[in-house]
Enquirer: 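Can you read through this structure? Questions will come right after.
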Amino acid sequence: MSLVASLQLILPPRPRSTKLLCSLQSPTQEQELFSSSSSPNSLLPKLISFALALSLTSYSPALAIPSLSSSQPLTTPFTQSKFVQTGLLNGKIRPCPSTNPGCVSTNPTSSSFSFPLTIPETDTQDPIEKLKEAIMSTQKNPKFVVLEDTPYGRYVEAEVEGGGFSRDVMEFLVKQDVVAYRCMATKVTFVYPFTTAFGDSKGQEERLKKLIDQLGWYAPTFESME
């Protein structure tokens, strides 16, 4: 609340201002403040002090921290990052959310893009079983959330231990000899006031490198195409 607006609320002779003042001051103080014998010079400091106190204690929605239990729409990157969407989107692995820099995806619309894996012809082991074994041997505390056959391929979703007591998500879509994937941290650190996400995808890239080395599958890179 501005100083001018606060002064307008308390200046006489408006009834609303008198009622507001009565609720905040004793009758003696009110009589002293609005006494007809008071000079303009003695009244002004009291008005300024009261206006400042009122503006400092007034509630401002702009200063409120977003609440996850609020019914307000997810309009800020901070609140959006708290709700992780997994599963296929139009039959494809989802891109990385714009609010999550700790993510790698084979979806071509993703800012942190990585090429899909290719299973060698000489590898005759069931790819899903081999993928599960590689996850269990290279990741901490893995938990397989979804193992599903879809019209678009075989989908696997696993949760693994991330940084700071959080759980990261690994998703894979196996279709013949091509494996699309997305690896994403579920905990995102934001710089005040909750609009800029801090971090990068290096942690997820290192996680994938360990997994790919264990699988022995071909992982194309931009460098290998030069």
Side-chain angles (χ1 to χ4, degrees), residues 65-70 74-89 92-117 119 127-148 150 152-174 178-222:
I65 296 177
S67 173
L68 297 182
S69 60
S70 173
L74 305 179
T75 56
T76 68
F78 175 76
T79 52
Q80 291 173 11
S81 69
K82 296 301 178 181
F83 297 88
V84 179
Q85 292 182 314
T86 60
L88 302 180
L89 178 65
K92 298 179 180 179
I93 288 290
R94 293 175 180 268
C96 290
S98 60
T99 58
N100 192 334
C103 177
V104 176
S105 174
T106 57
N107 190 302
T109 63
S110 180
S111 57
S112 298
F113 170 76
S114 185
F115 289 99
L117 306 178
I119 303 175
I128 297 299
E129 291 302 321
K130 188 170 186 177
L131 186 59
K132 289 172 59 179
E133 292 174 3
I135 292 174
M136 288 187 290
S137 64
T138 61
Q139 308 302 316
K140 295 181 179 179
N141 301 321
K143 176 184 177 182
F144 294 96
V145 181
V146 180
L147 295 169
E148 182 181 10
T150 75
Y152 313 101
R154 303 168 71 183
Y155 173 76
V156 178
E157 179 184 334
E159 292 182 358
V160 297
E161 186 175 302
F165 304 101
S166 64
R167 301 287 287 175
D168 291 358
V169 176
M170 305 182 75
E171 298 175 274
F172 300 88
L173 180 64
V174 181
V178 178
V179 183
Y181 59 84
R182 181 176 75 161
C183 294
M184 178 174 57
T186 58
K187 181 180 179 181
V188 183
T189 302
F190 279 83
V191 179
Y192 183 85
F194 312 130
T195 57
T196 304
F198 177 78
D200 54 43
S201 59
K202 290 183 179 179
Q204 301 304 320
E205 291 171 357
E206 293 175 359
R207 182 194 305 281
L208 282 167
K209 186 179 185 306
K210 293 180 181 179
L211 181 68
I212 294 170
D213 289 345
Q214 180 71 21
L215 288 168
W217 295 347
Y218 177 57
T221 61
F222 286 107

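Not measured: the values here are computed from a predicted model.
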Enquirer: Once side-chain hydrogen bond (donor to acceptor under 3.5 Å, both in side chains) is applied, do any residues pair with Thr86, and if so which ones, sequence neighbours excluded?
Expert: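 Thr86 satisfies side-chain hydrogen bond (donor to acceptor under 3.5 Å, both in side chains) with Glu157 once adjacent residues are dropped.
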Enquirer: With heavy-atom distances below 4.5 Å as the criterion, would you say the side chains of Lys130 and Ile119 are in contact?
Expert: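 Heavy-atom side-chain distance check fails, nothing below 4.5 Å.
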Enquirer: Partners of Glu133 by side chain to side chain contact (heavy atoms under 4.5 Å, CB included), sequence neighbours excluded?
Expert: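 Applying side chain to side chain contact (heavy atoms under 4.5 Å, CB included) to Glu133 gives Gln125.
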Enquirer: As an exercise, state the distance from CG of Leu131 to CG of Leu211, rounded to the nearest 0.5 Å.
Expert: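 Reported to 0.5 Å precision, the distance equals 6.0 Å.
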Enquirer: Under the side chain to side chain contact (heavy atoms under 4.5 Å, CB included) rule, collect the residues that match up with Thr150, sequence neighbours excluded.
Expert: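 Listed in chain order: Leu88, Glu148, Tyr152, Tyr155, Leu173.
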Enquirer: Who pairs with Lys210 by salt bridge (charged side-chain N to carboxylate O under 4.0 Å, His left out), at least two apart in sequence or on another chain?
Expert: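 Partners of Lys210 by the salt bridge (charged side-chain N to carboxylate O under 4.0 Å, His left out) criterion come out as none, since no residue qualifies.
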Enquirer: For Cys183 versus Met170, what's the shortest heavy-atom pair and its separation?
Expert: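 Shortest heavy-atom contact: SG-CE, 3.7 Å.
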Enquirer: Any idea which heavy atoms bring Phe113 and Pro108 closest together, and the distance?
Expert: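 The answer is CD1-CA, 3.8 Å.
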Enquirer: What distance do Arg207 atom CZ and Ile135 atom CD1 have between them, rounded to the nearest 0.5 Å?
Expert: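 One finds 10.0 Å between CZ of Arg207 and CD1 of Ile135.
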Enquirer: Taking all atoms of both residues into account, what is the closest heavy-atom pair of Tyr181 and Ser114, and its distance?
Expert: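 Closest heavy-atom pair between Tyr181 and Ser114: OH-OG, 2.6 Å.
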Enquirer: Got a second to check how far Asn141's CG is from Glu159's CD, nearest 0.5 Å?
Expert: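 Output value for this atom pair is 11.5 Å.
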Enquirer: Keeping the roles fixed (side chain from Gln139, backbone from Glu161), state whether a donor-acceptor pair exists under 3.5 Å.
Expert: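 Absent.
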Enquirer: Find out whether Val156 and Val174 are in side-chain contact, i.e. whether some heavy atom of one side chain is under 4.5 Å from a heavy atom of the other.
Expert: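 A side-chain contact under 4.5 Å is absent here.
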Enquirer: How close do Leu117 and Ala219 get, counting heavy atoms only, and between which atoms?
Expert: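 Minimum heavy-atom separation between Leu117 and Ala219: CD2-CB, 3.6 Å.
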Enquirer: Of all residues at least two apart in sequence or in a different chain, which pass the side chain to side chain contact (heavy atoms under 4.5 Å, CB included) check with Ser105?
Expert: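 Ile93, Cys96, Asn107, Ser110, Arg182.
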Enquirer: Report the residue from Val160, Thr186, Val145 that forms a side-chain contact (heavy atoms from CB on, under 4.5 Å) with Val169.
Expert: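 The single option meeting the side-chain contact (heavy atoms from CB on, under 4.5 Å) with Val169 is Thr186.
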Enquirer: Please name all residues satisfying side-chain hydrogen bond (donor to acceptor under 3.5 Å, both in side chains) with Lys143, sequence neighbours left out, ordered by chain then number.
Expert: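 Residues passing side-chain hydrogen bond (donor to acceptor under 3.5 Å, both in side chains) with Lys143: none at all.
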Enquirer: Taking all non-hydrogen atoms of both residues into account, name the closest pair between Ala158 and Phe144 and its distance.
Expert: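 Heavy atoms only, the tightest pair is CB-CD2, 3.9 Å.
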Enquirer: Minimum heavy-atom separation for Met184 and Pro97, please, with both atom names.
Expert: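 Looks like SD-CD, 3.5 Å.
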Enquirer: Applying side-chain hydrogen bond (donor to acceptor under 3.5 Å, both in side chains), can you list everything that pairs with Lys92, at least two apart in sequence or on another chain?
Expert: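 Scan of Lys92 (side-chain hydrogen bond (donor to acceptor under 3.5 Å, both in side chains), adjacent residues dropped) gives none.
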Enquirer: I'd like to check the side-chain hydrogen bond (donor to acceptor under 3.5 Å, both in side chains) partners of Arg94; sequence neighbours left out, ordered by chain and number.
Expert: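 Expected list: none.
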